There are 2 protein chains.
Amino acid sequence: MKGQDIKEAGLKVTLPRLHVLEFLEAHQGQHFTADELFTQIRATVSDIGLATIYRVLSQFEAAGLVVKHQFDNGHAVYELDTGEHHDHMVDIDTGEVKEFFSKKLEELQEQLADEYGYELIDHNMVLYVKKK
Amino acid sequence: MKGQDIKEAGLKVTLPRLHVLEFLEAHQGQHFTADELFTQIRATVSDIGLATIYRVLSQFEAAGLVVKHQFDNGHAVYELDTGEHHDHMVDIDTGEVKEFFSKKLEELQEQLADEYGYELIDHNMVLYVKKK
DNA sequence: GTGGGTGCAAATAATTTGCACGGTA
DNA sequence: TACCGTGCAAATTATTTGCACCCAC
């Protein structure tokens, strides 16, 4: 049952929270803005507020249920946190987002931070690409 | 003379444009938000509008005189485009931004895009780090 | 029952735009 | 003198917050 994850995050199990979580689970691997989530969920639920979506998303992000990404186009997108880290490639023609993971890349980043005397905490990396 | 670059960009050489360009040249390697530029430049010029700063910055960006970066904290920062590409490391404790370049990293990115059947057009990569 | 959670509308924050005036070529 | 460029204020967009009501525990 989905309520489990919410409860474990120390949050009360409420309808809006369930709806957001269910929607994201039903669309794993896809990315949504708060507004997209609002519109899509409202299509079936009718009484949910955009503000609540924002509130729920930040709570989920803090709880590690959800990951937030800020692409260059301005607004933030959210996706379910599957526990497996990955980076993103955005097709600048179609806007399509592809997830990928490269061990080599992760290691290189650690190495670079280290080289400058830092410890790597997090990173944000987006490749803007175009179909060949 | 600085006006040269502006003229070459196909823009009329005006006071606000000169001021922004001069300020950025006087502070190379540093990053500023539109508002910071506004406040700092206004300190010596007095009649310049924030809207103009935004307009000038987008024009400069389009002309390749300036590079815009979107860090995770929300607002965009600008810096002079020296022609040498580099990425950024942000110290999450101090907010300090350090520039770095790694040939290996650039190559790896090309390689990854290629692997997925894409051509790499641009990328955005920020390492969030902490002093050891 | 009661305190956290919610919807709505109003408030922010960053950025953009409309418009009449001013300065550059 | 042409028009582009500017300052200012109002408009937009994404997100946050205040507040009275509601629901999970």
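Letters go in sequence order (proteins before strands), and every chain restarts at 1. Computed from a prediction, not measured in an experiment: that's the story for all the values here.
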task = Check the distance between C/dT17's P and B/Q59's CD and give it to me in whole angstrom.
result = 12 Å

remark   = Side-chain atoms of A/L50 come closest, of D/dT15, D/dC8, C/dG3, to D/dT15

Pair B/H69 + B/H75: ring centers closer than 6.0 Å = no

ask   = Mapping B/K12 and B/D35 onto DNA chain C by nearest heavy atom, which one lands closer to the 5' end?
value = B/D35

key: First of A/R42 and A/L11 reached from the 5' end of DNA chain C, by closest nucleotide   = A/L11

message = Distance check needed: C/dG7 P versus A/I41 CD1, whole Å only.
response = 11 Å

ask   = Which nucleotide sits closest to the side chain of B/H75: D/dT15, C/dA14, C/dG7?
value = C/dA14

query = Looking at C/dG4, does its base get a donor-acceptor pair with the side chain of A/R55 below 3.5 Å?
reply = no

ask   = To the nearest angstrom, how far is B/I6 atom CD1 from D/dC4 atom P?
value = 18 Å

request  = Round to the nearest Å and state the distance from B/H19 atom NE2 to D/dG7 atom P.
outcome  = 10 Å

task = Report yes if at least one side-chain N or O of A/Y54 is closer than 4.0 Å to OP1 or OP2 of D/dT16; otherwise report no.
result = no

key: Gap between atoms CZ and P, on B/F38 and C/dT16 respectively (whole Å)   = 15 Å

request  = Apply side-chain hydrogen bond (donor to acceptor under 3.5 Å, both in side chains) to B/E36 and B/H31, showing your working.
outcome  = CA-CA 9 Å; B/E36 281 164 357; B/H31 307 73; over 6 Å; no

inquiry  = In whole Å, I'd like the distance from the CD atom of B/E36 to the C1' atom of C/dA13.
reply    = 15 Å

ask   = Which nucleotide, in any strand shown, forms a Watson-Crick or G-U wobble pair with D/dA2, with both distances under 3.5 Å?
value = none

query = With no hydrogens and no angle check, do the side chains of A/H88 and A/E79 hold a donor and an acceptor under 3.5 Å apart?
reply = yes

ask   = Taking the side chain of B/T14 as heavy atoms from C-beta outward, which of D/dT6, C/dA14, C/dC8 is closest to it?
value = D/dT6

inquiry  = I need the A/K12 NZ to A/I6 CD1 distance, nearest 0.5 Å.
reply    = 13.0 Å

inquiry  = Please classify the nucleic acid contact of A/I48 as base, sugar-phosphate, or nothing, using heavy-atom distances under 4.0 Å.
reply    = sugar-phosphate

request  = Measure centre to centre between the rings of B/H27 and B/F23, then say whether the value is under 6.0 Å.
outcome  = yes

ask   = For A/I53 and C/dG5, what is the distance between atoms CD1 and P respectively, to the nearest whole Å?
value = 16 Å

message = Need the pair for D/dC19. Rule: Watson-Crick or G-U wobble, both distances under 3.5 Å, any strand; none if unpaired.
response = C/dG7

Residue B/R17, side-chain atoms from C-beta onward, closest of D/dG5, D/dG7, C/dC8 = D/dG5

Rounded distance (Å) that lies between atom C1' of C/dG23 and atom CG of B/D47 = 11 Å

